[in-house]
Engineer: 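Dumping the structure here so I can ask a few things about it.
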Amino acid sequence: AQSVTQLGSHVSVSEGALVLLRCNYSSSVPPYLFWYVQYPNQGLQLLLKYTSAATLVKGINGFEAEFKKSETSFHLTKPSAHMSDAAEYFCAVSAWYSSASKIIFGSGTRLSIRP
Amino acid sequence: DAGVIQSPRHEVTEMGQEVTLRCKPISGHNSLFWYRQTMMRGLELLIYFNNNVPIDDSGMPEDRFSAKMPNASFSTLKIQPSEPRDSAVYFCASSLIPISPTGHRTYEQYFGPGTRLTVT
């Protein structure tokens with residue numbers, strides 16, 4: 001069975017500072033991993049995805065994530081935070097079930113940006 | 001592309017009333033997912049369909065909830081009767097999964113804007 005654990009329900013950083021959102025996964029098969037972002041009053045948008053092609057994945061808005069099998073981690077980073085990055089971020093893993101696929105989401109991390 | 005369309009965007013109803021939420025997936029997608037999001041429970045998968053057939057409804061809270069997908073371009077989630085604890089944001093998402101997959105593949109889901117349901 002697949003699952004993800006997001007460490008820290010709330011992260012606060014200063015504008016211009018490094019953003020680091022942590023995610024650890026559990027999977028009995030090679031995982032496919034995602035980061036989604038949810039801005040206030042909106043649905044979830046795909047930030048980036050890992051599909052085993054490259055361990056460092058670049059996404060939209062300057063975000064990237066690195067897949068580390070030895071640490072079972074898929075942390076999300078951005079070198080310099082911007083006020084517009086304030087949102088909730090979800091790590092997720094793809095699960096194969098009965099000939100169809102579904103995504104298992106983590107509990108989310110709310111990112112706040114201090115001016 | 002219009003993306004996933006949900007209606008209504010907001011719904012306020014009284015306890016005991018029937019509520020119907022609607023979703024139009026992205027054209028060409030063959031899988032549809034209904035989620036519920038609350039502060040207490042986070043994002044929960046309620047049910048998902050593949051080629052209009054319900055694959056997994058284990059997340060449906062109870063018999064008051066039902067979902068249908070009569071065709072590839074429309075799905076409904078119905079709550080009857082509604083209760084205050086059903087208040088949440090309900091999301092619909094769609095995805096394209098090959099009909100004859102050869103193995104585990106990853107398919108991202110595209111989310112609609114959600115319906116905010118308030119039951120008083």
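Residue numbering restarts at 1 for every chain, and letters A, B, ... go by the order of the sequence lines.
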Engineer: Would one find more than 12 heavy atoms of other residues, nucleotides or ligands at under 6.0 Å from atom CZ of B:R64?
Structural biologist: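 More than 12 heavy atoms, drawn from other residues, nucleotides or ligands, come within 6.0 Å of this atom.
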
Engineer: If you draw a 6.0 Å radius around CD in B:E62, do more than 12 non-hydrogen atoms from other residues or ligands fall strictly inside?
Structural biologist: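 Buried by this count: over 12 neighbours within 6.0 Å.
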
Engineer: Heavy-atom distances under 4.5 Å only: say whether B:Q6 touches chain A with side chain, backbone, both or neither.
Structural biologist: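 Contact with chain A involves no heavy atom of B:Q6 at all.
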
Engineer: Can you hop from B:Y110 to B:F49 via hydrophobic side chains spaced under 4.5 Å?
Structural biologist: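 No, no single cluster joins them.
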
Engineer: Please determine whether residues B:F65 and B:Y48 belong to a single hydrophobic cluster, defined as Ile, Leu, Val, Met, Phe, Trp and Tyr linked transitively by side-chain heavy-atom distances below 4.5 Å.
Structural biologist: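 No, no single cluster joins them.
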
Engineer: For a quick test of reading the model, state the closest non-hydrogen atom pair linking B:Y35 to A:I103 and the distance between them.
Structural biologist: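 Closest pair (atom of B:Y35, atom of A:I103, distance): OH-O, 3.9 Å.
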
Engineer: Report whether A:Y25 and A:Y50 are members of the same hydrophobic cluster (ILVMFWY, side-chain heavy atoms less than 4.5 Å apart, transitive linking).
Structural biologist: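 Yes; tracing contacts between hydrophobic side chains, which count when under 4.5 Å, links both residues.
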
Engineer: Taking B:F33 as the starting point, is it possible to reach B:F74 by hopping between hydrophobic residues whose side chains are less than 4.5 Å apart?
Structural biologist: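 No, because B:F74 and B:F33 fall into different hydrophobic clusters, even though each may have its own neighbours under 4.5 Å.
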
Engineer: Atom CD in B:Q37, atom CZ in A:F90: separation rounded to 0.5 Å?
Structural biologist: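 One gets 5.0 Å once the value is rounded to the nearest 0.5 Å.
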
Engineer: Would B:L77 and B:I55 show up in the same hydrophobic cluster when neighbours are defined by side-chain heavy atoms closer than 4.5 Å?
Structural biologist: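 No, it is not one cluster - the side chains of B:L77 and B:I55 are not joined through contacts under 4.5 Å.
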
Engineer: Taking side chain as everything from C-beta outward and backbone as N, CA, C, O, which of these in B:R41 sits under 4.5 Å from a heavy atom of chain A? Side chain, backbone, both or neither.
Structural biologist: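 Looking at B:R41, nothing touches chain A.
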
Engineer: Tell me the residues of residues 35-44 of chain A whose non-hydrogen atoms fall below 4.5 Å from those of chain B, in number order.
Structural biologist: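 Contacts with chain B: A:Y36, A:Q38, A:N41, A:Q42, A:G43, A:L44.
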
Engineer: How about CG on B:D63, more than 12 heavy atoms from neighbouring residues, nucleotides or ligands closer than 6.0 Å, or not?
Structural biologist: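 Open: at most 12 neighbouring heavy atoms sit under 6.0 Å from CG of B:D63.
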
